[in-house]
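Naming: A, B, ... by sequence-line order, numbering from 1 per chain. Small disclaimer: the values here were computed from a predicted structure and weren't measured.
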Amino acid sequence: MPQIQINSIVCLATSESGHDEVYLICQADAGIPIRVPAQLAESHAMSPSTSDNTWTFDDPQLILNYEYEVLVTLWDEDLSYDPNLATYLQSNDFQYDGTNNESIQLSNPNGAKYTINFTRIN
Amino acid sequence: MKTTRPLPYDGYVERFHELKAERGPVASKTGPAPELSDSMRQVFSAATAAWNRWANSPKGAQELQAMRNANPVDARLAMQDLVSGETFQEVRQLLQSLDLPFNSFSVGINFEVELILGFSGTLGGAIGIGDSHGVSASAFLSLGLDEGVEAGALAGVQFGLWKASPEDLGGWSLGGELIVDDELGGAIGASWNLSGSELQGVWLTLGVGVDDGGELQESYTFILGGFDGFLRPVYQPRKTHFLILTKLHCENPSTDGGHNEVYFTFQADSGTKYYYPTYDYFAMAEGDTWYCGRSVMFDSSIAITLWDEDTGGDTNLGSCTISYSQLTAGQEVKFTISSSHGLDDRVYYLYAKLIY
């Protein structure tokens, strides 16, 4: 079964002034979604400044198992507990293509620009 | 911090308190402990094996962890799918071959109710057996005050055999763990009605910290149905075919400031309606391509509607239907979504790739 490891996310630009309060929804093969951070209302503050532009997943690592694809969506949490008020930043659908280490840059007309750094494990 | 909408499980906890204030007296002891028959042991043993195969697989472990943190909407869909799907197929076949005095079999995961102190929860899926075989299935949430519950039990899984059919599992019960069963590797427990006179079911809990002869605990089971207000579903039950909506191209947006605030709904086989993005939208202007990468499970067809989010009411940009017969595995197919309003012609192209 293929695996993909999300190593880090880098903020090049936010969707709003100040910080984006970023969380991920990772969904493999249209299955049960995984929230990162797991706890409701938790997020990771990000901005392009060097002090908080990189969110690194090393403890714990973020390794996603999938059969055909895994859709990783970045959200900006605007009001705790209410996903209706979250802002969609961007998403990428990872499918197995035989390549290894990679990064992908995603942008949104709302200003958000993020890079996902990842490694294909299998 | 005061929120405008409730927490995912708030409503159930609030209702628990209301129901507790309304209910009558609770017995301090129950009828005799039920005997575990060979057939019941067979079922629990098979369920344990099936569960361990799934939970110990890389994908299963990932899904189990996700379920523990999922909101009620996705958790309900996923639990129903789990107990009805491939993982427990052999268990269901075994249940059909046995003559048991029960009408439901359930699989439930114990978890912490988010941010609510003093409550334990079991989120489960139940299917009909015996006279209720093939008749119904349900998903449920059982909430109980956590006095007397070992902390480790919150990590466990519970298999249950119940007198009631799946749709009738709701209501009060008085339950407790009776004995640790080394052969089955967990604790056997039972549930009675609140007067302690009528046995409702027998269950096996696996997990760390299970104890022998715990105190009686009252709990209320809610049958989960429909969708919880503001939460939209994300989990899709397994179906025959699987495709990816790879990209959406804006050929000509509506004359609305030169761009549209786009989201689409998709509905496989006239079933549950899903949104993508699940909330919010993606702004698109002429010539833009959105690599949406939205996977969809379906049996025969998917109805897709494209929307432009507007303050005064969202605008329907058009629809298309994707049928399995139009697709070939591995090939991307283009579908046109268009609509007109006066002189305003909107055209989008949606691309779909069939996986299987």
Side-chain angles (χ1 to χ4, degrees), chain A residues 1-4 15 23 25-42 60 62-96 104 106-112 121-122, chain B residues 1 3-8 10 57-71 74-75 77-78 81-82 114-115 230-232 234-239 242 244-246 259 261 263 274 276-285 288 290-297 353 355-356:
Chain A
M1 175 172 287
Q3 291 179 310
I4 197 153
S15 66
Y23 65 94
I25 298 293
C26 309
Q27 188 184 21
D29 307 306
I32 190 85
I34 299 164
R35 192 188 190 282
V36 182
Q39 286 74 28
L40 186 68
E42 282 200 15
L62 179 53
I63 295 175
L64 302 168
N65 298 282
Y66 64 99
E67 278 190 80
Y68 300 99
E69 53 85 40
V70 56
L71 178 61
V72 176
T73 307
L74 279 64
W75 292 94
D76 170 35
E77 183 172 76
D78 281 336
L79 183 68
S80 296
Y81 314 133
D82 190 348
N84 278 275
L85 300 181
T87 299
Y88 172 78
L89 295 176
Q90 252 289 12
S91 53
N92 191 65
D93 193 37
F94 295 91
Q95 300 173 48
Y96 180 72
I104 183 162
L106 304 169
S107 59
N108 188 317
N110 64 15
I121 298 175
N122 294 329
Chain B
M1 174 183 171
T3 59
T4 56
R5 295 181 196 260
L7 296 170
D10 245 6
S57 69
K59 186 110 182 275
Q62 178 174 291
E63 290 174 346
L64 177 57
Q65 186 57 38
M67 276 187 195
R68 293 197 188 284
N69 293 294
N71 63 51
D74 288 319
L77 293 169
D81 218 27
L82 178 65
E114 185 73 39
L115 300 181
F230 62 102
L231 296 175
R232 290 176 173 166
V234 176
Y235 175 85
Q236 298 177 45
R238 310 297 85 181
K239 293 203 172 195
F242 183 65
I244 300 172
L245 299 173
T246 52
H259 63 273
E261 286 75 35
Y263 67 92
Y274 294 83
Y276 200 70
T278 312
Y279 307 96
D280 204 32
Y281 57 82
F282 184 70
M284 299 187 76
D288 285 348
W290 174 29
Y291 293 90
C292 41
R294 174 66 268 171
S295 49
V296 182
M297 286 270 173
K353 182 171 80 172
I355 304 299
Y356 62 80

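In terms of heavy-atom pairs under 4.5 Å with chain B, the best-connected choice from A:G31, A:S91, A:P109 is A:G31. Each of B:M67, B:R294, B:Q65, B:M284 has some count of heavy-atom pairs under 4.5 Å with chain A, and the biggest count is that of B:R294. In terms of heavy-atom pairs under 4.5 Å with chain B, the best-connected choice from A:N110, A:L106, A:T87, A:N92 is A:T87.
Ring-plane geometry between B:Y276 and A:Y88 is classed as perpendicular, the angle between the planes exceeding 60 degrees on a 0 to 90 degree scale with a lower cut at 30.
When the side chain to side chain contact (heavy atoms under 4.5 Å, CB included) test is applied to B:A285, the partners found at least two apart in sequence or on another chain are B:H259, B:D288. Here A:D29 pairs with B:K59 under the side-chain hydrogen bond (donor to acceptor under 3.5 Å, both in side chains) rule; sequence neighbours left out.
Separating the CD1 atom in B:I244 from the OH atom in A:Y68 is a distance of 10.5 Å, to the nearest 0.5 Å. With rounding to the nearest 0.5 angstrom, the CG atom of B:L64 is 10.0 Å from the CD1 atom of A:I32. Atoms CD and CZ, from A:E67 and B:F242 in turn, are 8.5 Å apart once rounded to the nearest 0.5 Å. Taken from CG in B:D280 to CG in A:N108, the straight-line distance is 8.0 Å, to the nearest 0.5 Å.
Side chain of B:Q62 to backbone of A:N65: a donor-acceptor contact under 3.5 angstrom is found. Of the possible polar contacts, one joining the A:Q27 side chain to the B:V234 backbone as a donor-acceptor pair under 3.5 Å is found.
Heavy atoms of A:F94 lying under 4.5 Å from chain B are absent altogether. Residue B:K353 touches chain A through its side chain alone, counting heavy-atom pairs closer than 4.5 Å. Contacts of A:I63 with chain B are made by backbone atoms alone, with heavy-atom separations under 4.5 Å and no side-chain atom involved. Interface remark: A:S107 contributes backbone atoms only to the contact with chain B (heavy atom separation under 4.5 Å). Residue A:L71 touches chain B through its side chain alone, counting heavy-atom pairs closer than 4.5 Å. With a 4.5 angstrom heavy-atom cutoff, B:A70 touches chain A only via side-chain atoms. Of the atoms belonging to B:Y281, it is backbone heavy atoms, and not side-chain ones, that fall under 4.5 Å from chain A.
Taking 4.5 Å as the limit, some side-chain heavy atom of A:P33 sits within range of a side-chain heavy atom of B:D74. Within the 4.5 Å cutoff, the side chain of B:Y291 has no heavy atoms near those of the A:D93 side chain. A:E69 places none of its side-chain heavy atoms less than 4.5 Å from the side chain of B:I355.
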